[in-house]
Protein chains: 2
Amino acid sequence: MDTTQRTEQQRSADRRRRELLEAADRVVLRDGPQASMNAIAAEAGITKPILYRHFGDKGGLYAALAMRHTDALLASLRAALDAPAERRERVEATLDTYLAAIEARPQVYRFLMHPSEGGQGGDHGFDVGKHSAPLLRRMGEELAQVIEERLDLGPGTQQLARVWGHGIVGMMHAAGDWWLGERPCSRAELVRSLADLLWGRLAAAGDKVGGPGF
Amino acid sequence: MDTTQRTEQQRSADRRRRELLEAADRVVLRDGPQASMNAIAAEAGITKPILYRHFGDKGGLYAALAMRHTDALLASLRAALDAPAERRERVEATLDTYLAAIEARPQVYRFLMHPSEGGQGGDHGFDVGKHSAPLLRRMGEELAQVIEERLDLGPGTQQLARVWGHGIVGMMHAAGDWWLGERPCSRAELVRSLADLLWGRLAAAGDKVGGPGF
DNA sequence: CGTGCGTGTTACTAGCGGTAACCTGAGTCT
DNA sequence: AGACTCAGGTTACCGCTAGTAACACGCACG
């Protein structure tokens, strides 16, 4: 009986937790990453201490929230990466999937990339290097694994794959961020340009006449 | 006489401003981006309102601070990019310059990448897309200009150059950030791996035997 | 009946960014 | 001399935030 009761309670707690996360989601979608705990609690129809009982602190809530979106986006990316097509087509599809996602819900994207960051909660630890958005890290690792599994890069494949994974993800992210702000071209054009870059057009390009060469 | 007096005052104000910036620099170097205005004022031996008279608000101070470091780093990068050598060598030198900089002073680097970002100062504006670190944007634009000036990419060169500029900078940044956290290899190896990526080794790589191909 | 226990609230602390109001001393005009 | 201006600086405050302690209701169990 004790067990059944505990499961019952846990079930209720989980439901509550999901409700709270959805409320938080709505607020973040509306207010961006500056969404305050007060606002989230109000949106959920409760008060702050409950949030803290469920998630510990703001970081906990944000981590839980980020996990959901990150998982969803990663699933899409994996699907694009696994489609049956030529390598270049798949790379383009993956880029396009990512860009479409950040285009569709920029607030969520922004939240994922800059998760609060602040908090004067005395953590004076040197956590430099780990400060990057978890989403970027996870995407980088994921891509690294795919590269390592499928590409033959000779000796040092594993290390090369990890560098490339993070590097390519960073390229995608920075280009996407800039593109989202200035909209200098269509999504398809951006995808093609980035794929061209990855396909070695930089190395293959000729020097401009009269210049010292790049 | 009026002019001389005003220049005298302005000179004094500028000196003061530089002193304040140096104090702020010390604090940021010590406390990271969470450095508070109070702490900075204390380090400078004065009180908050003076800071606000000089820089307007926290964003202003941070912008002024970031400008110094950004200018310095950009100058180094430009030098590496302009060195008399083969294209690949120059690319490697530039990557190495950046990585050496972030390796040498990670706190400054972190500050430049995530300039406060917070602040409850009711700016609920949808500034998504412009949220990226100014340093990244400036580096991207700079690189884009160099690419456009020196490379012959056929029609659409300008747009391609901008995409590549931001993309390459993002690649460098993300890989550097990851590398700084995990230190999976030497700086030289990282530089080589990234240059290899830019040189089209991704496209040239063969599929792994037995796999579906990437 | 009372005793826990989960669920929720109110009311608070400490610290932040930012500002209004005041003070102070040096130079200038009459 | 004495009043007047004005830069430079301080105290004391506002409104906000994240986070917490302490108290109150409802409901099962012995």
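Quick caveat: nothing in here was measured; it's all calculated off a predicted structure. All chains are named by letter (A, B, ...) in the order of the sequence lines, taking the proteins before the strands, and each is independently numbered beginning at 1.
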**Student:** Identify the residue among B:Leu77, B:Val191, B:Leu81 that makes a side-chain contact (heavy atoms from CB on, under 4.5 Å) with B:Thr97.
**Tutor:**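 Running side-chain contact (heavy atoms from CB on, under 4.5 Å) over B:Leu77, B:Val191, B:Leu81 with B:Thr97 returns exactly one hit, B:Leu77.
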**Student:** Between P on D:dT17 and CG on A:Asp57, what's the gap in Å once rounded to a whole number?
**Tutor:**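 In whole Å, D:dT17 P lies 17 Å from A:Asp57 CG.
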**Student:** Expressed in angstrom and rounded to an integer, what is the separation of B:Gln34 atom CD from C:dG17 atom P?
**Tutor:**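 In whole Å, C:dG17 P lies 11 Å from B:Gln34 CD.
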**Student:** Please determine, for the side chain of A:Pro49, which listed nucleotide (D:dG19, C:dG18, C:dT10) has the closest atom?
**Tutor:** C:dT10
**Student:** Does the structure place the NZ or CZ of B:Arg183 under 6.0 Å from the centre of the six-membered ring of B:Trp179, at an angle of no more than 45° from the ring's axis?
**Tutor:**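 Ring-cation test returns yes.
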**Student:** Could you give the NZ-to-P distance, from A:Lys48 to D:dC23, as a whole number of Å?
**Tutor:**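 That distance rounds to 19 Å.
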**Student:** Would you say B:Thr47 reaches D:dG9's phosphate, i.e. side-chain N/O to OP1/OP2 under 4.0 Å?
**Tutor:** no
**Student:** Could you tell me the separation between the CE atom of A:Met37 and the P atom of C:dC12, rounded to a whole number of Å?
**Tutor:**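 For the pair A:Met37 CE and C:dC12 P, the rounded distance is 21 Å.
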**Student:** Report the distance from atom CD1 of B:Ile40 to atom P of C:dG15, rounded to the nearest whole Å.
**Tutor:** 17 Å
**Student:** Looking at D:dG19, does its base get a donor-acceptor pair with the side chain of A:Lys58 below 3.5 Å?
**Tutor:**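 In this structure, the two groups form no donor-acceptor pair.
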**Student:** Test your reading of the model: is there a side-chain donor-acceptor pair from A:Trp164 to the backbone of B:Ser193, 3.5 Å cut-off?
**Tutor:**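 Yes.
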**Student:** Starting at atom CZ of B:Arg15, determine the distance to atom P of D:dG8, rounded to an integer number of angstrom.
**Tutor:** 11 Å
**Student:** Grab the CD1-P distance between B:Ile50 and C:dC23 for me, whole Å please.
**Tutor:** 18 Å
**Student:** I want to know whether A:Tyr62 and A:Phe111 have ring centres closer than 6.0 Å.
**Tutor:** yes
**Student:** Round to a whole Å and report the spacing from CG of B:Asn38 to C1' of D:dG9.
**Tutor:**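 Rounded to whole Å, this separation is 15 Å.
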**Student:** Test for a donor-acceptor pair under 3.5 Å between the base of D:dG8 and the side chain of B:Arg16, counting only N and O atoms.
**Tutor:**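 Donor-acceptor pair under 3.5 Å: no.
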**Student:** Between A:Arg53 and A:Ser36, who's closer to the 5' end of DNA chain D by nearest nucleotide?
**Tutor:** A:Ser36
**Student:** Are a donor atom and an acceptor atom from the side chains of A:Asp25 and A:His69 found within less than 3.5 Å of each other?
**Tutor:** yes
**Student:** Looking only at the side chain of A:Tyr52 (C-beta and beyond, no hydrogens), which of the listed nucleotides D:dA18, C:dG17, C:dT9 gets closest?
**Tutor:** D:dA18
